[in-house]
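Letters A, B, ... mirror the listed sequences (proteins, then strands); counts begin at 1.
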There are 2 protein chains.
Amino acid sequence: MQFKRPPTIREVAAAAGVSIATVSKFINGQQRFSPEVEERLRQAIATLGYRLNPQARSMVTGRTRSFGLAVLDIRNPHFANIVKGANRVALESDYSLLVVDLEERPTHERSLLEALSSRVDGLIVSSRIPDDSIAWLAELGKPVVLFGQRPRPDIRCVRTDGYRGAYLLSQHLLKGGRKRVAYLGFPNARWNAERLTGLRSGMSEQGHTVSEFAVEWPTMDGGQQAAAAILAAQPRPDAVVAYNDLVAIGFMSEATRLGVKVPDDIAVAGFDDIPVARHMHPALTTVNMRSEEQGEAAMRLLLDALRDKSMTGDDILFEPQLIPRASTAPLKS
Amino acid sequence: MQFKRPPTIREVAAAAGVSIATVSKFINGQQRFSPEVEERLRQAIATLGYRLNPQARSMVTGRTRSFGLAVLDIRNPHFANIVKGANRVALESDYSLLVVDLEERPTHERSLLEALSSRVDGLIVSSRIPDDSIAWLAELGKPVVLFGQRPRPDIRCVRTDGYRGAYLLSQHLLKGGRKRVAYLGFPNARWNAERLTGLRSGMSEQGHTVSEFAVEWPTMDGGQQAAAAILAAQPRPDAVVAYNDLVAIGFMSEATRLGVKVPDDIAVAGFDDIPVARHMHPALTTVNMRSEEQGEAAMRLLLDALRDKSMTGDDILFEPQLIPRASTAPLKS
DNA sequence: ATGAAAGCGCTAACAC
DNA sequence: GTGTTAGCGCTTTCAT
């Protein structure tokens with residue numbers, strides 16, 4: 001079966017015996033016509049199976065009624081939640097949201113963003129974009145929202161205070177009697193440093209240091225692979241704070257498999273509060289980083305920008321929330 | 001800051017003192033020009049910051065070099081895996097993949113699909129689309145791949161045999177000494193019936209029936225909410241097969257919270273083999289439904305269709321794989 | 001090697 | 001009310 005080109009406005013016009021302008025106005029509902037004409041138009045549209053080509057429309061209007069969202073890894077529930085938040089807000093305003101997964105691969109990043117950017121009225125980007133590419137984004141001629149610290153005045157940003165989140169975690173761990181905290185980070189990530197700093201700063205208030213480990217990927221597999229090294233450290237940490245919940249889950253699962261008890265032998269905590277965190281056994285302590293709200297906020301910034309034709313205003317900063325659960329229960333004794 | 005329109009091919013032509021046709025050929029690299037001209041073009045493009053508008057290009061070429069993928073709920077790792085598989089294959093062929101989340105909301109489904117379909121060369125759709133909308137999809141004039149049973153000859157399909165998967169699960173449970181199996185389904189889903197049937201058919205070989213329960217949503221919350229009713233049933237089931245892993249996890253977590261031991265008191269299993277399944281405690285028995293491979297296969301069908309200009313050929317059917325884990329360990333006694 | 005011109009499907013002024 | 005026309009930014013014959 002061959003794919004036939006869909007009928008155009010011109011064919012409808014011919015079939016209905018009117019001009020293309022009439023058809024255009026009719027399908028956009030911006031004007032009424034005489035009953036017979038309207039009827040002929042309806043007929044023609046129905047029998048031809050006409051469908052408007054939004055692509056062609058947006059060529060002339062300059063707007064697409066859709067936004068783009070680029071994420072690093074859709075498999076990470078943190079990003080899935082961002083998508084959810086952004087999608088909800090977009091749908092409410094009758095916009096559609098197109099998502100691309102950058103696959104954590106800088107190679108394809110640029111071309112994926114290019115392909116996306118030309119098809120939308122604005123862009124939300126979560127990425128490890130180096131600063132020079134950010135210049136490129138800013139010159140797209142469309143509003144762009146980034147997750148992170150504002151890199152330049154014409155790009156707005158949304159983030160949740162990771163320093164604060166890590167600090168809260170440190171206080172919680174201290175209260176539970178933990179003294180030897182290890183941070184299992186993902187050095188490539190934008191948020192890694194502030195989380196480590198917040199944790200160190202909190203622990204140092206009681207004179208404790210934080211040992212540092214790293215995963216190769218911010219995933220469950222990454223956490224699992226890193227577990228042995230941490231558990232073998234002398235002295236063994238009595239708490240592990242992971243870069244995110246996925247890493248924490250991988251670590252916790254491997255620790256359990258190796259016969260190390262969580263939380264009795266070692267406490268485990270992560271960041272993001274992904275949905276599965278509370279269903280783990282033990283339930284995973286984490287810091288809620290407002291993933292979904294970040295997505296909502298980013299989308300609202302885009303909508304505002306489109307209205308104002310400008311990208312000014314302050315960044316959006318969310319407060320993280322500590323979610324204490326069983327995986328960091330206080331040390332007994 | 002105002003958003004200025006990006007420069008066009010015409011401005012480049014003016015700046016370089018050549019015609020727009022020359023610019024077009026140059027940026028598409030389909031022809032060489034005299035060194036001076038090429039140099040002037042490079043200059044003009046660089047100083048103006050020109051970027052090609054793929055939208056305009058695709059108006060004339062009729063192709064966009066991108067595909068669309070619509071999923072029911074990106075928060076479900078099953079769908080995230082489908083995205084991964086499809087994205088990988090698309091990137092390999094230099095296509096980009098645009099994903100939309102339908103939010104399990106039939107209301108927005110049609111308009112989201114319309115917005116998506118016009119921007120891509122082909123579509124992969126996972127949805128509970130009623131049959132009349134499927135006709136609509138088929139008439140888009142572009143290749144469409146569906147997950148499920150082929151509804152009409154001009155639409156190709158990819159699926160994994162759910163009947164078989166459920167049957168495998170039943171044999172595994174029987175071998176473990178389970179006799180009173182409950183199925184915690186999601187009646188709205190396309191796959192629900194075949195999974196139930198496969199399970200029933202397997203259990204009936206040993207003369208056992210399967211009791212039926214339902215979740216409102218195929219999520220962890222859904223599984224959690226349904227747990228109490230199942231555990232209160234008389235006689236209490238000694239195994240629960242959930243519609244998918246998310247539901248299974250929600251159920252398992254709630255059962256544990258209620259003091260019911262998994263797998264000693266009750267076995268739990270799901271479908272999909274989402275990444276977190278093996279990290280649960282106890283690790284979750286499941287049936288791998290080849291999510292990622294389904295995404296890959298669907299994308300390959302699309303690429304083939306574009307090459308052949310046709311949508312003929314057989315459906316793709318994957319074999320499910322039983323993944324036995326601790327959550328269905330054999331009954332002791 | 002380079003350019004003129006037609007046109008992809010549509011919208012928006014402006015006529016009538 | 002309805003039609004004419006000029007593009008949106010680009011590709012693609014076809015001339016020169």
Considering only residues two or more places apart or on different chains, which pairs with a residue in residues 293-303 of chain A satisfy side chain to side chain donor-acceptor pair (under 3.5 Å)? A:R88-A:E296, A:T160-A:Q294
In degrees, rounded to 10°, what is the bend between the two ends of the helix from C:dA1-D:dT16 to C:dC16-D:dG1, using five pairs at each? 40°
Between the side chains of B:S118 and A:N53, is a donor N or O closer than 3.5 angstrom to an acceptor N or O? no
Scan side-chain atoms only and decide if A:T22 and A:S19 contain a donor-acceptor pair under the 3.5 Å cut-off. yes
Does a side-chain N-to-carboxylate-O contact under 4.0 Å join A:E104 and A:R128? yes
Regarding A:R65 and the six-membered ring of A:Y95, is the cationic atom NZ or CZ under 6.0 Å from the ring centre and inside 45° of its axis? yes
So, B:E38 and B:R32, do they make that salt bridge, N to O below 4.0 Å? yes
Name all pairs fulfilling the salt bridge (Lys or Arg N to Asp or Glu O under 4.0 Å) condition that reach into residues 5-26 of chain B, sequence neighbours left out, sorted by first residue then second. none
With a cut-off of less than 4.0 Å, is there a side-chain N or O of A:T22 near OP1 or OP2 of D:dG3? yes
Summarise protein proximity over nucleotides 7-16 of chain D in one line of letters, 5' to 3': B for base, S for sugar-phosphate only, - for none, counting protein heavy atoms closer than 4.0 Å. BBBBBBB---
Those residues that, when tested against A:D101, pass salt bridge (Lys or Arg N to Asp or Glu O under 4.0 Å) (two or more places apart): B:K84
Salt-bridged, A:E292 to B:R75, with N to O below 4.0 Å? yes
For A:H78, is there any backbone N or O sitting under 3.5 Å from a side-chain donor or acceptor partner on A:D272? no
Please find the earliest and latest nucleotides of DNA chain C, in the 5' to 3' direction, that have an atom within less than 4.0 Å of any heavy atom of chain A. C:dG9 to C:dA13
